Every structure is written in structure tokens, then in C-alpha cells.
S.K.: 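Would you mind keeping the following structure in view while I ask a few things?
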Amino acid sequence: MKNNLKVLRAMADISQGDLAEKIGVSRQTINAMEKGKYVPSTVLALKLARFFGKSVETIFELDETDG
């Protein structure tokens with residue numbers, strides 16, 4: 001799964017730590033998602049979508065390895 005989380009975070013001028021605090025996860029979780037090492041739960045994806053004012057599909061996208 002690909003994501004635009006790092007770009008959206010940069011556009012919002014917010015650090016990984018600040019974003020993590022606002023949505024209730026660790027900074028390491030944000031870092032792992034940005035690197036594609038962690039696939040978020042539905043609840044976490046919806047929290048990120050709400051925070052950025054975007055649809056989940058705008059932030060996350062299936063890639064060829066997802067079937």
C-alpha cells in the first residue's frame with residue numbers, strides 16, 4: 001500500500017511527533033506508515049483522513065503487490 005502521508009504532513013507543516021499526538025499514536029507509528037512498513041487500521045486511516053480533511057483514498061492507495 002502506498003501513501004501520501006509524508007507529503008500531506010509536510011504541506012501541513014506538522015512534525016511526526018505532533019501528528020502522532022493529535023491522532024493518538026506514537027511517532028514511531030507515523031514513521032513506519034510513511035516508510036510503508038506499517039499498514040494502518042481502518043480507524044487510524046479515518047483519523048488521518050479527518051485530520052488532513054482528505055478522503056482515505058487520497059492518502060492511501062493500493063499498489064500492485066496488494067493484489
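Only a predicted model underlies this, so the values are computations on that prediction, with no experimental measurement involved. Note that these values count all heavy atoms, side chains included, but never hydrogens, waters or copies made by symmetry.
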S.K.: Do Leu19 and Leu5 come within less than 4.5 Å of each other through their side chains, counting heavy atoms only?
M.R.: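 Counting from C-beta outward, Leu19 and Leu5 do come under 4.5 Å.
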S.K.: Could you check whether Arg27 pairs with Glu21 (Lys NZ or Arg NE/NH1/NH2 to Asp/Glu carboxylate O, under 4.0 Å)?
M.R.: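 So Arg27 does not pair with Glu21 through a salt bridge.
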S.K.: Working to the nearest 0.5 angstrom, can you tell me the gap between Thr29 OG1 and Ile23 CD1?
M.R.: 8.5 Å
S.K.: List, one per line, each side-chain donor-acceptor pair under 3.5 Å for residues 44-59, sequence neighbours excluded.
M.R.:
from  : atom 1 : to    : atom 2 : distance (Å)
Ser55 : OG     : Thr58 : N      : 3.2
Ser55 : OG     : Thr58 : OG1    : 2.7

S.K.: Find the distance between CZ (Phe60) and CG (Asn4) and round it off to the nearest 0.5 Å.
M.R.: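 Going from the CZ atom of Phe60 to the CG atom of Asn4 covers 9.0 Å.
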S.K.: Would one find more than 12 heavy atoms of other residues, nucleotides or ligands at under 6.0 Å from atom CG of Asp13?
M.R.: no
S.K.: Atom CD1 of Ile30 and atom NZ of Lys22: how far apart are they, to the nearest 0.5 Å?
M.R.: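 Here the interatomic distance stands at 12.5 Å.
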S.K.: Check the hydrophobic clustering (I, L, V, M, F, W, Y; side-chain heavy atoms under 4.5 Å; chains of links allowed) and say if Met33 and Val39 are grouped together.
M.R.: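 Hydrophobic grouping puts Met33 with Val39.
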S.K.: Between CG of Asn3 and CD of Glu61, what distance do you get to the nearest 0.5 Å?
M.R.: 10.0 Å
S.K.: What are the two closest heavy atoms between Gln16 and Asn31, and how far apart are they?
M.R.: NE2-OD1, 3.3 Å
S.K.: Starting from Met1, can I reach Val7 by hopping between I/L/V/M/F/W/Y residues whose side chains sit under 4.5 Å apart?
M.R.: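 No, Val7 does not connect to Met1 through the hydrophobic network.
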